[in-house]
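Given the structure is predicted, the values throughout are model-derived calculations rather than measurements. Letters go in sequence order (proteins before strands), and every chain restarts at 1.
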Number of protein chains: 2
Amino acid sequence: MSRGTLVAMGAAAERRERLRDEFRREIVGAARRIVVEDGYAALTMRRIGEAIGYSAASIYQYFANRDAIAGALMEEGFVELVEAFAPAATIADPLSRLKAVGRAYVRFGLTRPETYRLMFMEDPKITAGVLEGSAGENSAGMRAYAAILEPLVQLFERGRLRDDLTPPVAADVMWISLHGLVSLKLTCPKFPATPDDALLDATMETLACGLLQ
Amino acid sequence: MSRGTLVAMGAAAERRERLRDEFRREIVGAARRIVVEDGYAALTMRRIGEAIGYSAASIYQYFANRDAIAGALMEEGFVELVEAFAPAATIADPLSRLKAVGRAYVRFGLTRPETYRLMFMEDPKITAGVLEGSAGENSAGMRAYAAILEPLVQLFERGRLRDDLTPPVAADVMWISLHGLVSLKLTCPKFPATPDDALLDATMETLACGLLQ
DNA sequence: GTCTATAGGCTGATAGAC
DNA sequence: GTCTATCAGCCTATAGAC
């Protein structure tokens, strides 16, 4: 809610809105716990209702439908991803920063499998909705992307990027590889037989050697 | 069914078995069409029954449950993937062969989204079952993996592989990147903003530069 | 605002008739 | 072997009482 909307309301309406927001957050919190514990398929209105001590029907007062709750959950996921990038983002050297961001991405995905799955592997409709709805702005999704792009821009400016690449293309290649590592490990933990750590090291080194000159 | 089993049966039993196999194939064929058209979630016993002109209950005479059908569908997917690799596998130069296999993999995934999704993005339980159940043998899954591994072995033998890599690790890095490209495009077609072709070119070139020395 | 009740679906799987 | 009927559940979403 914008500041403009707030000042236009009376104090009572304002308090009501605050309570409403709190309730919405409670719903999303419960939804997160359900998804983390039992996956996206287990996210039903009944289970959310149970978790917050209300009937399923009440939830429709706060969210239009189940997809809207999943969308809110995804947005929270992007905020967490940006937070996971924060320590890496302070590193001065762009190549070290890029590598640290990459490692943070993979750690995020492997330690929050169900959140990651919801954000990037589950429902194209909802993922598209959240990414498009928040594109262009200073959204968490764009800030996460920027954390990968920005070190590559700096490397490009220093003439370190392979010369057939532009920073956005290099960022997409990087993202693809990181996503591939996380998502393949989430769906078939056994098969890429290389252990997680060695695979991450080899992937980061391959990207560093392959993207730079 | 093994040859040994066949010769131990009478001619009548043999014919019965052949009919049974034919029926099983019909079921899997119908299942494939449903998954291709409407996705894995639409794969229900009732819909399969409708498609083959039998009741849902009859299917349980041929498959233990729905997961067994999904597993059979995945195995067919691996066979198709190996077939998709066939033209590339004849190329003599190992680097050209590796690149052609990579392109064939991405084409397979992007042109059969629902099959690919079922094989690598959907249900860890079934994917694990099929990959483990067919590991070690001359299964389609292993042959698909071999198509990526083998050119890398040849490059390794010629001393062309980056020297901190072994062929299996390099194969896993390659697979991860290809899978990342396909799976990200399937879940959010819009966001990695680089067009498919340019992204594939950039990824293959990055892998070639990054894995080799 | 919250509830119960319910419409109107869907699912996998099985029992028992034929 | 195939069927119908059914069990035992699940779901989203809404109407209408309070």
Atom-to-atom span, [atom1] of [X] to [atom2] of [N] - whole angstrom:
{"X": "A:L19", "N": "C:dG1", "atom1": "CG", "atom2": "P", "value": "9 Å"}
{"X": "A:E50", "N": "C:dT4", "atom1": "CD", "atom2": "P", "value": "12 Å"}
{"X": "A:I52", "N": "C:dG1", "atom1": "CD1", "atom2": "P", "value": "14 Å"}

| query | Within less than 4.0 Å of OP1 or OP2 of C:dT2, is there a side-chain N or O belonging to A:S58? | reply | no
| message | Under 4.0 Å from OP1 or OP2 of D:dT4: is there any side-chain N or O of B:Y54 that close? | response | no
| task | Select base, sugar-phosphate, or nothing to describe what B:F63 touches, counting heavy atoms under 4.0 Å on all strands. | result | nothing
| Residues two or more places apart in sequence or in another chain: which of them pass side chain to side chain donor-acceptor pair (under 3.5 Å) with B:R107? | none
| request: Without swapping roles, check the side chain of B:T187 against the backbone of B:S183 for a donor-acceptor pair under 3.5 Å. | output: yes
| task | Determine yes or no for a side-chain-to-main-chain donor-acceptor pair under 3.5 angstrom, with B:D201 supplying the side chain and B:M204 the backbone. | result | no
| Taking the six-membered ring of A:F63 as reference, does the NZ or CZ atom of A:R20 fall below 6.0 Å from its centre and within a 45° cone about the axis? | no
| Relative to B:Y40, does B:R66 satisfy both conditions: NZ or CZ under 6.0 angstrom from the six-membered ring centre, and within 45 degrees of the ring's axis? | yes
| request: Could you run through nucleotides 11-18 of chain C and give me one letter per nucleotide, 5' to 3': B if any protein heavy atom sits under 4.0 Å from the base, S if only the sugar-phosphate is that close, - if neither? | output: BBBB----
| said: Determine whether the aromatic ring centres of residues A:Y116 and A:Y105 are separated by less than 6.0 angstrom. | reply: yes
